[in-house]
Amino acid sequence: QVQLVESGGGLVQAGRSLRLSCAASGRTFSSYASGWFRQAPGKEREFVAAINWIGGSTKYAGSVKGRFIISRDNAKNTVYLQMNSLKPEDTAVYYCSAVVGSYLHTQGGRYDYWGQGTQVTVSS
């Protein structure tokens, strides 16, 4: 079992930055691929970014590529999502997820573990 806890969300003006953190506890987190997803009100959950356990491979949704950076520190059992040049359309609850293995899934159903989410609100 892996427990995930997100933090770092908040209210920010458009164009500014936020960094989300996802702290993992339980089994060895370094053997898991990690993903960030988000869900805006009235919309379906969507893939944002993923990273493998080595941290050498990453994948991004087109809407955030070039603005967001996913990274991880296995020594700290933590995954990060650096969000730059934020836009109002980035407003959503952001969820951290994890799955055994190194494949970078973009479908939420492929992930076995989820955090409780952290709210990000971007004002115009």
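Since this is a predicted model, take the numbers as computed values, not measurements. For the single chain, residues carry numbers from 1 onward in sequence order. We use all heavy atoms of the structure for the numbers below, so side chains are in, but hydrogens, waters and symmetry mates are not.
Here W36 contributes atom CH2 and C96 contributes atom SG; the two are 5.0 Å apart, rounded to the nearest 0.5 Å. A distance of 12.0 Å separates CD in E6 from OG1 in T78, rounded to the nearest 0.5 Å. Interatomic distance, Y94 OH to L20 CG, rounded to the nearest 0.5 Å: 7.5 Å. Of the inter-residue distances, the one linking T118 atom OG1 with L18 atom CG reads 9.0 Å to the nearest 0.5 angstrom. H105 contributes atom NE2, which lies 11.5 Å from atom OG of S34 (distance to the nearest 0.5 angstrom). Note that CD1 of I51 and OH of Y80 are 11.5 Å apart. Values are rounded to the nearest 0.5 Å.
The cluster map of Ile, Leu, Val, Met, Phe, Trp and Tyr, joined by side-chain heavy atoms under 4.5 Å apart, puts V12 and F68 in the same cluster. Hydrophobic clustering places L86 together with I69 (ILVMFWY residues linked when any side-chain heavy atoms are closer than 4.5 Å, directly or through intermediates).
Residues satisfying the side chain to side chain donor-acceptor pair (under 3.5 Å) test with S7, not counting sequence neighbours, are none. The side chain to side chain contact (heavy atoms under 4.5 Å, CB included) check on S85 picks up R67, with sequence neighbours excluded. Here S17 pairs with Q82, N84 under the side chain to side chain contact (heavy atoms under 4.5 Å, CB included) rule; sequence neighbours left out. Legend: residues meeting side chain to side chain contact (heavy atoms under 4.5 Å, CB included) with E89, ordered by chain and number and at least two apart, are K87. When the side chain to side chain contact (heavy atoms under 4.5 Å, CB included) test is applied to K65, the partners found at least two apart in sequence or on another chain are Y60. Annotation: ring pair (Phe, Tyr, Trp, His ring centres under 6.0 Å) contacts of Y95 (sequence neighbours excluded): none.
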| message | Please evaluate residues Y32 and V99 with respect to the criterion side-chain contact (heavy atoms from CB on, under 4.5 Å), reporting the C-alpha separation (whole Å), side-chain torsions for both, the decisive distance (0.1 Å), and the verdict. | response | CA-CA 5 Å; Y32 291 73; V99 61; 5.5 Å; no

| message | Under the criterion side-chain contact (heavy atoms from CB on, under 4.5 Å), I'd like the reasoning laid out for S25 against V2: C-alpha separation, chi angles, the key distance, then a yes or no. | response | CA-CA 6 Å; S25 61; V2 172; over 6 Å; no

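Between the side chain of T91 and the backbone N or O of T121 there is no donor-acceptor pair closer than 3.5 Å. A donor-acceptor pair under 3.5 Å is absent between the side-chain atoms of R16 and the main chain of V122, judged by distance alone. Side chain of N74 to main chain of N77: no donor-acceptor pair is present (N/O by atom type, distance under 3.5 Å, no hydrogens or angles).
Its side chain outside the 4.5 Å cluster rule for every partner, L11 clusters with none of the Ile, Leu, Val, Met, Phe, Trp and Tyr residues.
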All N/O donor-acceptor pairs, side-chain side in residues 43-50, below 3.5 Å, sequence neighbours left out:
from: E46; atom 1: OE2; to: R38; atom 2: NE; distance (Å): 2.5
from: E46; atom 1: OE2; to: R38; atom 2: NH2; distance (Å): 3.1

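Sorted by first and then second residue, the salt bridge (Lys or Arg N to Asp or Glu O under 4.0 Å) pairs involving residues 106-124 (not counting sequence neighbours) form an empty list.
By the 4.5 Å heavy-atom criterion applied to side chains, R19 and L81 are not counted as neighbours. Residues S71 and V79 are not in side-chain contact: their nearest non-hydrogen atoms beyond the backbone lie 4.5 Å or more apart. At least one side-chain heavy atom of M83 sits under 4.5 Å from a side-chain heavy atom of V120.
Heavy-atom minimum distance, K59 versus T106: CD-CG2, 3.4 Å. Heavy atoms only, all atoms of each residue included: A33 and Y111 are closest at O-CE2, 4.2 Å.
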